[in-house]
There are 2 protein chains.
Amino acid sequence: MKRPTSLDYAILGLLNQNPQSGYRVRKAFENTALGNYSSSPGAIYPAINRLQELELVEKTNMPNSKKMIFKSTEKGTELLKEWFLKPIEINEIATELNELLLRFGFMDRLIDREEQLNFLGSLKVQLEVYIKSLKEYHKNNSTTLPINGRLAFEHGISSYETTLKWCQKAIKTITNSKS
Amino acid sequence: MKRPTSLDYAILGLLNQNPQSGYRVRKAFENTALGNYSSSPGAIYPAINRLQELELVEKTNMPNSKKMIFKSTEKGTELLKEWFLKPIEINEIATELNELLLRFGFMDRLIDREEQLNFLGSLKVQLEVYIKSLKEYHKNNSTTLPINGRLAFEHGISSYETTLKWCQKAIKTITNSKS
DNA sequence: GTCGACATGTAAATTGTTACATGATTTA
DNA sequence: TAAATCATGTAACAATTTACATGTCGAC
């Protein structure tokens with residue numbers, strides 16, 4: 001592993017929130033709408049082993065138990081923080097929006113409110129830029145596109161507009177939250 | 001290749017709409033918000049070769065040109081039709097919504113209006129079921145979730161609701177379209 | 001006492017990423 | 001004529017899917 005994958009971060013984020021077994025992580029991916037990551041054992045267990053080798057997670061020592069409960073190490077927490085604070089690039093809006101939402105979802109407790117608002121503010125700006133470019137494209141090409149293609153494209157625009165509205169709501173919610 | 005991947009279908013759909021070079025396919029993935037598939041040469045060219053080996057696409061014979069322009073074969077078109085008509089499963093809503101939209105985007109000309117409306121109707125039903133389960137979860141867990149997790153979850157609900165609204169609009173548009 | 005859920009893993013095959021490599025053609 | 005874009009590919013590596021494999025534990 002050169003750089004952790006999106007799945008690695010998702011697992012690390014979960015284990016940072018509360019220590020748990022690989023099986024629990026799998027179930028979290030399977031049952032909750034968390035991203036849309038694979039929950040197959042062939043993906044999760046090797047990923048946890050990778051994280052362990054890099055000392056980003058470790059087993060909790062529960063002497064009288066056979067279960068393997070993993071938790072984030074200090075190093076793992078630091079890596080998560082870096083991930084949270086990494087500047088948002090415009091191309092991530094189009095291809096990794098899910099991961100951006102995941103970043104936000106795990107930010108709790110690990111970085112302060114001001115930095116969370118920074119993240120949301122930056123997300124908002126990049127969304128606005130991207131939506132503008134989509135609308136520009138739509139304006140110039142809607143007549144040439146086949147009807148289904150045009151509709152599918154319009155779905156994209158609506159989706160990003162929904163995310164933008166959510167972003168504004170989230171900024172308000174975080175602003176008004178107790179510290 | 002046992003079964004074509006999502007990327008394979010995306011390429012096949014593009015080549016079915018209009019014959020073009022591998023490079024053009026790459027640019028389509030790079031520039032348009034098409035799915036969010038990889039446009040790297042190491043993904044596209046091998047994929048086109050796979051499709052060729054299965055006789056789903058073929059080179060157009062342009063004698064006086066060095067360019068390789070690919071088009072969908074009859075067999076490829078049949079496979080696309082099968083893909084379009086495959087029943088929508090509930091788990092696809094959570095994990096492969098993108099692919100469902102792609103299916104709809106390529107349906108033009110290949111299946112008739114009635115079947116397109118079938119697809120949209122089924123999509124609508126599955127979205128309603130899925131949204132209901134998300135809201136149920138939200139109702140039972142919103143107080144225990146950390147604030148960021150709750151907000152991220154709410155983003156998911158809003159997104160699916162937007163898709164549902166789009167679905168209703170698309171049904172109207174297709175219903176009223178000229179045959 | 002059997003069934004389903006809990007729990008952890010491995011192996012083979014496939015797929016995709018990253019980086020490199022090459023050459024033609026167009027445009028400033 | 002230099003730079004950018006068009007155009008096609010390969011090689012090494014990393015990651016994921018699918019399928020198999022095994023065993024425990026609690027409920028009915």
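Ring planes of A/Tyr9 and A/Trp83: parallel class, angle under 30° (limits at 30 and 60°).
Within 4.0 Å (heavy atoms only), A/Ser21 reaches sugar-phosphate atoms of the nucleic acid but no base atom. Residue contacts shown for A/Ser38 are limited to sugar-phosphate atoms, with no base heavy atom under 4.0 Å away. Residue B/Gly22 is classed as a sugar-phosphate contact, given heavy-atom separations below 4.0 Å to backbone atoms only. Within 4.0 Å (heavy atoms only), B/Arg26 reaches at least one base atom of the nucleic acid.
In the set D/dT18, D/dA15, C/dT8, D/dA15 carries the atom at the smallest distance from any side-chain atom of A/Arg50. The A/Ala43 side chain lies nearest to D/dT17 when the options are C/dA19, D/dT17, C/dT8. Closest to the B/Tyr23 side chain, of the nucleotides C/dT15, D/dT5, C/dA7, is D/dT5. In the set C/dG16, C/dA7, C/dG9, the nucleotide with an atom closest to the side chain of B/Leu7 is C/dG16.
Side chain of B/Asp112 to backbone of B/Glu115: a donor-acceptor contact under 3.5 angstrom is found.
Across its full length, the helix from C/dG1-D/dC28 to C/dA28-D/dT1 shows an angle of 40° between the axes of its 5 terminal pairs at either end, rounded to 10 degrees.
Here A/Phe153 and A/Tyr137 bring their ring centres to under 6.0 angstrom of each other.
With sequence neighbours excluded, the residues that form a side chain to side chain contact (heavy atoms under 4.5 Å, CB included) with B/Ala10 are B/Phe29, B/Tyr37, B/Leu102.
For A/Lys67 and C/dA7, the shortest distance from a side-chain N or O to OP1 or OP2 is below 4.0 Å. The side chain of A/Tyr45 places no N or O atom within less than 4.0 Å of a non-bridging phosphate oxygen (OP1 or OP2) of C/dG9.
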